[in-house]
Participant: 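My questions will all concern the structure given below.
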Amino acid sequence: KEKNEIRRFEEANEDHYQIQNFVGKISALMNPLTLILVNGGVIVLLLSGAKLVQVLFGMPYVFDLTVPLDACFPFRPVWVTAYVGSYLFWCYVYILPARESPVLASKLAVADCFGKTLCMIFFLALPTTNVRPEITGTSLWDWGMGLIYSLDTATNLFPSAHCFVA
């Protein structure tokens, strides 16, 4: 009878181990996904929330941050490569802590939400823009820069959410 109980225990223990292992894998996948979803929601809120309030309440003035120094830097559409590359780096920066520790991922998520909420308050109180160089070429780089212009409008520039994330 004792051998039978030992065998039943080992089988039950193995079943329990398999379930725990499976749940652990799901949990390991969910930590980075949760961080991505929460940040995605905050980004959507940042991109649309302040602009929506500005449109709905008819903000009377948008501050233009264009300065004469801007004309000193030549416009090169090939810079779209660095811009897209920075997004890949930012994704990596968010995924790395999520993979290392749930506590670290939670701290990053709270700090990120707090910082982006602070940015949104500034965006609502001080709506800003700048004048972007015109895209005149027809190369792949020009097309990419046009896509960036359409996705990342020249509004709500201060404080820079890009610099905050970096």
Participant: With respect to Phe158, which candidate in Leu126, Asn130, Thr129 satisfies the side-chain contact (heavy atoms from CB on, under 4.5 Å) definition?
Facilitator: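 Exactly one option meets the side-chain contact (heavy atoms from CB on, under 4.5 Å) with Phe158, and it is Leu126.
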Participant: Counting neighbours of CH2 on Trp143 that are heavy atoms of other residues, nucleotides or ligands and sit closer than 6.0 Å, is the number greater than 12?
Facilitator: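 Not buried by this count: 12 neighbours or fewer within 6.0 Å.
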Participant: State whether Arg8 and Glu5 are salt-bridged, where the test is any N-O pair (Lys NZ or Arg NE/NH1/NH2 against Asp/Glu carboxylate O) under 4.0 Å.
Facilitator: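 Counted as a salt bridge, because a side-chain N and a carboxylate O are separated by less than 4.0 Å.
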Participant: Linking I/L/V/M/F/W/Y whenever their side-chain heavy atoms sit closer than 4.5 Å, directly or via other members, would Ile121 and Phe114 fall into one cluster?
Facilitator: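 Per the 4.5 Å side-chain linkage, Ile121 and Phe114 are not co-clustered.
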Participant: Are Leu65 and Phe122 connected in the hydrophobic side-chain network, where two residues link if heavy atoms are under 4.5 Å apart?
Facilitator: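 Yes.
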Participant: Which pair of non-hydrogen atoms, one from Arg132 and one from Ala154, has the smallest distance, and what is that distance?
Facilitator: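 For Arg132 and Ala154, the tightest heavy-atom pair comes out as NE-CB, 3.6 Å.
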Participant: List the atom of Phe75, the atom of Trp79, and the distance in Å for their closest heavy-atom pair.
Facilitator: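 So the minimum-distance heavy-atom pair works out to CA-CZ3, 4.4 Å.
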Participant: Show the nearest heavy-atom pair for residues Asp64 and Thr66, with the distance to one decimal.
Facilitator: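 Scanning both residues, the minimum pair turns out to be OD1-OG1, 2.6 Å.
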Participant: Please name the pair of heavy atoms, one in Met145 and one in Arg76, separated by the smallest distance, quoted to 0.1 Å.
Facilitator: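 Looking at all heavy atoms of both residues, the closest pair is CE-O, 4.3 Å.
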Participant: What distance do Tyr17 atom OH and Phe22 atom CZ have between them, rounded to the nearest 0.5 Å?
Facilitator: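 CZ of Phe22 is found 14.0 Å from OH of Tyr17.
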Participant: Roughly how far apart are Leu104 CG and Lys107 NZ, rounded to 0.5 Å?
Facilitator: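 The NZ atom of Lys107 is 7.5 Å from CG of Leu104, to the nearest 0.5 Å.
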Participant: Counting neighbours of CZ on Arg99 that are heavy atoms of other residues, nucleotides or ligands and sit closer than 6.0 Å, is the number greater than 12?
Facilitator: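 At most 12 heavy atoms, drawn from other residues, nucleotides or ligands, come within 6.0 Å of this atom.
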Participant: Hey, which of Gln18, His16, Glu10 is the one that makes side-chain contact (heavy atoms from CB on, under 4.5 Å) with Glu14?
Facilitator: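 Running side-chain contact (heavy atoms from CB on, under 4.5 Å) over Gln18, His16, Glu10 with Glu14 returns exactly one hit, Gln18.
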Participant: Is there a path from Tyr83 to Trp141 through hydrophobic residues (I, L, V, M, F, W, Y) whose side chains come within less than 4.5 Å of each other?
Facilitator: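 Tyr83 clusters together with Trp141.
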Participant: Taking the side chain as C-beta and beyond, is there a heavy-atom pair between Ser139 and Asp142 under 4.5 Å?
Facilitator: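 Yes, side chains in contact.
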Participant: Give a yes or no on this: more than 12 heavy atoms of other residues, nucleotides or ligands lie within 6.0 Å of atom OH of Tyr149.
Facilitator: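 Yes, enclosed.
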Participant: To the nearest 0.5 Å, tell me how far Leu140 CG sits from Thr81 OG1.
Facilitator: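 Here the rounded value is 8.5 Å.
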Participant: Are Ile135 and Val84 connected, step by step, through hydrophobic side chains (Ile, Leu, Val, Met, Phe, Trp, Tyr) whose heavy atoms are closer than 4.5 Å?
Facilitator: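 Looking at the clustering, Val84 is in the same group as Ile135.
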Participant: If I take atom CG from residue Leu108 and atom CD from residue Glu100, how far apart are they, to the nearest 0.5 angstrom?
Facilitator: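 That separation rounds to 11.5 Å.
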Participant: Going only through I, L, V, M, F, W and Y residues with side-chain contacts under 4.5 Å, is there a path from Leu96 to Tyr87?
Facilitator: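 As far as the 4.5 Å side-chain criterion goes, Tyr87 and Leu96 are not connected within one cluster.
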